[in-house]
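Remarks on the structure that follows.
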Amino acid sequence: MRMLDSLLRILALTRKELLAVLKDKRSRLSLFIPPVVQAFIFGYAATYDLNHVTYAALDQDHSAASRQLLAGLDGSGVFERVANLQRSSDIATYVDARRALLVLQINQDFERQLLSGRGADVQLIADGRNSNTAGTAIGYVNSIVQQFNSDWGGEHGWAASPVRITGRAWYNPNLETRWYMIPGMIGTLTLIQTMMLTAMSVAREREQGTFDQLLVTPFRPFEIMAGKALPSMVVGVIQASGVLLVAQLWFRIPFAGSYLTLYTGLLLFLLAAIGIGLLLSAVAATMQQAMLYSMLLIMPFSLLSGLTTPLSSMPNWLQYLTAMNPLRYAIDITRRVYLEGAGLNLLVADLWPLGLLAALTLWGASWMFSHRMQ
Amino acid sequence: MIPLAMRSSSVPWRAKLRRIRALVVKETHQVVRDPSSIAIGVILPLILILLFGYGLSLDVRNVPLAVVIEQPSPEAMELAAGFQLSPYFHPRLLRSMPPAQQLLLEHAVDGIVRIPADFARHVSAGDAELQLVVHGGDANRARIIQGYVQGAVGIWSARAAAQGLTSAADPVTVQARLWFNEADESTYFLVPGLVVLVMTLIGGLLTAMVMAREWERGTLEALLVTPVRSDEILLGKTLPYFLLAMIGFALCVLSAKFLFHVPLRGSLWVLLSASMLYVLVALGIGLLISAWVKNQLVASQLTMLVTFMPAFMLSGFLFDLRSTPVVVQLITYALPARYYVALLQTVFLAGNVWSVIVPNTLALAAMAAALALGSRAAMRKTLE
């Protein structure tokens, strides 16, 4: 009987919380539109793949061979030749002003060296202001030059390269960053809003003085906490599903795993995120503080999650620190379930830390709540 | 209103200055006393600096790699030794494919290089084949690993050719050079990018929150009925946050230079003036949003959406904008972060390239002016 009463009270509070969040049109929109819009925009923008590389050619040879090499670049659909340079002093002008990401310099004895059978060098200058982009572009040029080598070498009686590498990429055959990025977004976008929503809903009551009113009602601290946690949970699940739908229906990224596994992981993750949000709200006195403290956590959480840069490139001490980051596990889970079809047995290493984080933060929050009462 | 106007017209600018100073003092007290403002103004930049400088890196080193040698021949062993000596790989030598595939499945390795059983015979025949399987999840990393494997095999074939084991190498070799970042350190572009994030957070988010709270509590309306004029309120409110942002800026630049040794090849003055303009723009956005929604929760969400996330994702500091669809590119032209990132990357790494600095600074200046007028109008409207 007491259990049932408690449950009813929690549900009543949940209903009230959901109403408080959803009754205002602007706050309703701000909860559900941003994650989907962001999934769209970042799905297009957050990619390390290049499909448009501007380059300038400095062809000092003007031979059939050099033209064939440049034609290979122009015909790839990725490279756009923005200029034909005449002097090597022009290189700096184009690279400095960011008009060309690459400059390909072909020396005047290029064809002669090729015909003599010694092999020739070409110089490639890349704008390293974003060295990752530059590195990727250099890789593209290399593969086009390889194609040229086998074409040209075949026509002119060069021995084929002694070793050929045949490559295959598992789980993402065309190596599209988008496939990696968007599943990672499911966790990231929901973390930001669920954590803030939870932290701020308690802080708002405190700021407006209604929290004290709540404390004199028959609600027990645990029930208040659950009533604050459940609405955020609902919002989080809806947001995650929205991003998931964008990934599947719009970007057509094939879903390899099981929804049950994915949502199990997501629920644990949301519990941990909400636990942290509740802990924050116990510390913060005002909405502004709640918001700023959540920012203070969300930034390192999202930067050290493996979303944009790999965890394995971080120094060891930082990798240990990320063990406290729920988003790190969530991103690993969503990616592996989504792309690799991993089952629960392969995800144990991610699931138990999430469970532990959720248990610890929720327990900590309920302790803080009950001690605030006295 | 008339007596007030007369009173202030006797010594207009002195009274004006006094009122602004009073507001600045009040606001500064509020900033200093609220631990959360200090947290976002000083502690957050520090955390971000450390995370960006030490934590974020796109450099790929020590790739765990399974090397499957199906039949140990001198050629195969020498190739495998090449992987073991390379600083880029951390190879595990195996004898067959199934355990290697299991490792890839558990993501214990990032890739498999399979040296087939008849490798030695095919090398002398000139048609050997190596199989490379990479974990494609992280496409960027996978591509880098493919490049490294190709490089390691290239070194081996050059050596084999020199020893007369195989015939000559490739017709054309690409010699690539990375200008502005010869050592290929991702810190060089990540740390300047961090400046954008810090300035956006302090300028946009903090201001939006502060002003939204004043609207929410009605204290701004109370201020508006005092002799203080609306543009004075704007100035008085924003000046402390402007200074807070500049402190964050100083922290970032100092640590970039002395902690992470990112070169500052352009002029500090250009950097400083561009940053001041950008903070003004961020402040303006924060003010406008808060005046529009007048609600802390919505203001914070909206500011995150229009300032912080785009500064991270759509500014060109991490991802190349030229490769995004035209629609997204058009959106980025409306975002101040785009111009600021171009300025930061150029001034830090390339130097004073005026053909980049002038147009981007002008764009920021135009935005700052438009936002200043906009927020003044927003304040005025509520006066009536």
Side-chain angles (χ1 to χ4, degrees), chain A residues 26-27 30 34 42 44-46 48 50-52 96-97 114 119-126 128-134 138-139 142 145 149 152-153 158-159 162-172 175-177 180 200 287-289 291-292 296 300 303-304 309-310 313-314 318 339, chain B residues 36 39-40 44 51 54-59 126 128-143 146-147 153 157 166-167 170-181 184 189 209 213 296-298 300-301 305 313-314 319-320 322-325 328 345 349-350 353 355:
Chain A
R26 271 189 291 220
S27 91
S30 84
F42 301 146
Y44 281 116
Y48 292 114
L50 304 177
N51 54 38
H52 184 208
D96 285 353
L114 275 184
D121 287 340
V122 291
Q123 278 77 41
L124 185 65
I125 292 113
R129 266 169 275 193
N130 182 332
S131 55
N132 191 58
T133 302
I138 292 173
N142 265 322
V145 168
N149 280 344
W152 203 89
W158 281 62
V163 178
R164 260 184 333 118
I165 302 175
T166 57
R168 218 150 37 93
W170 278 13
Y171 313 124
N172 185 357
L175 290 183
E176 285 182 58
T177 321
Y180 189 59
M200 292 189 70
M287 284 174 85
Q288 194 180 337
Q289 285 183 7
M291 143 95 189
L292 295 180
L296 216 52
L303 291 176
L304 297 181
T309 65
S313 292
M314 292 172 191
L318 216 59
L339 297 177
Chain B
S36 63
I40 209 154
L44 188 62
L51 289 186
Y54 291 116
L56 293 201
S57 165
L58 288 164
D59 305 334
E129 212 165 87
L130 280 178
Q131 201 189 349
L132 169 66
V133 181
V134 289
H135 192 293
D138 185 346
N140 191 50
R141 189 177 165 87
R143 240 190 325 255
Q146 284 181 339
V153 174
S157 1
T166 60
S167 47
D170 289 332
V172 177
T173 319
V174 177
Q175 292 187 330
R177 265 189 308 150
L178 218 50
W179 275 15
F180 314 126
N181 187 356
D184 194 3
F189 71 93
M209 286 297 291
R213 182 170 60 181
Q296 288 186 70
L297 182 71
V298 185
S300 62
Q301 302 265 346
L305 187 67
M313 297 278 200
L314 295 176
F319 307 110
D320 194 60
R322 280 172 287 216
S323 291
T324 54
V328 178
Q345 288 185 342
L349 298 180
V353 183
S355 55

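Convention: sequence-line order gives letters A, B, ...; per-chain numbering from 1.
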Measure [X] against the heavy atoms of chain B and call it side chain, backbone, both or neither at under 4.5 Å.
X        : answer
A:Ile125 : both
A:Leu50  : both
A:Tyr44  : both
A:Leu303 : both
A:Met200 : side chain
A:Thr133 : side chain
A:Val145 : side chain
A:Glu176 : backbone

To the nearest 0.5 Å, tell me how far [X] [atom1] sits from [Y] [atom2].
X        : Y        : atom1 : atom2 : value
A:Tyr48  : B:Asp138 : OH    : CG    : 8.0 Å
A:Thr177 : B:Arg143 : OG1   : CZ    : 5.0 Å
A:Leu304 : B:Tyr54  : CG    : OH    : 14.5 Å
B:Phe319 : B:Thr324 : CZ    : OG1   : 11.5 Å

Exercise. Minimum heavy-atom separation for B:Phe180 to A:Gly128, with atom names?
Worked result: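 The pair with the smallest heavy-atom distance is CD1-N, 3.9 Å.
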Exercise. For B:Leu130 and B:Val153, which heavy atoms make the closest approach, and how far apart are they?
Worked result: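 So the two residues come closest at CD1-CG2, 3.6 Å.
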Contacting moiety of [X], where chain A heavy atoms sit under 4.5 Å:
X        : result
B:Arg213 : side chain
B:Arg141 : side chain
B:Val133 : both

Name the member of [options] that forms the most heavy-atom pairs with chain B at distances under 4.5 Å.
options                                : result
A:Asn132, A:Ile138, A:Leu114           : A:Asn132
A:Asn51, A:Thr309, A:Asn149            : A:Asn149
A:Leu318, A:Asn142, A:Asn130, A:Leu339 : A:Asn130

Seminar exercise, completed: Of B:Ser323, B:Pro325, B:Ala142, B:Gly147, the largest count of non-hydrogen pairs under 4.5 angstrom with chain A goes to B:Ser323
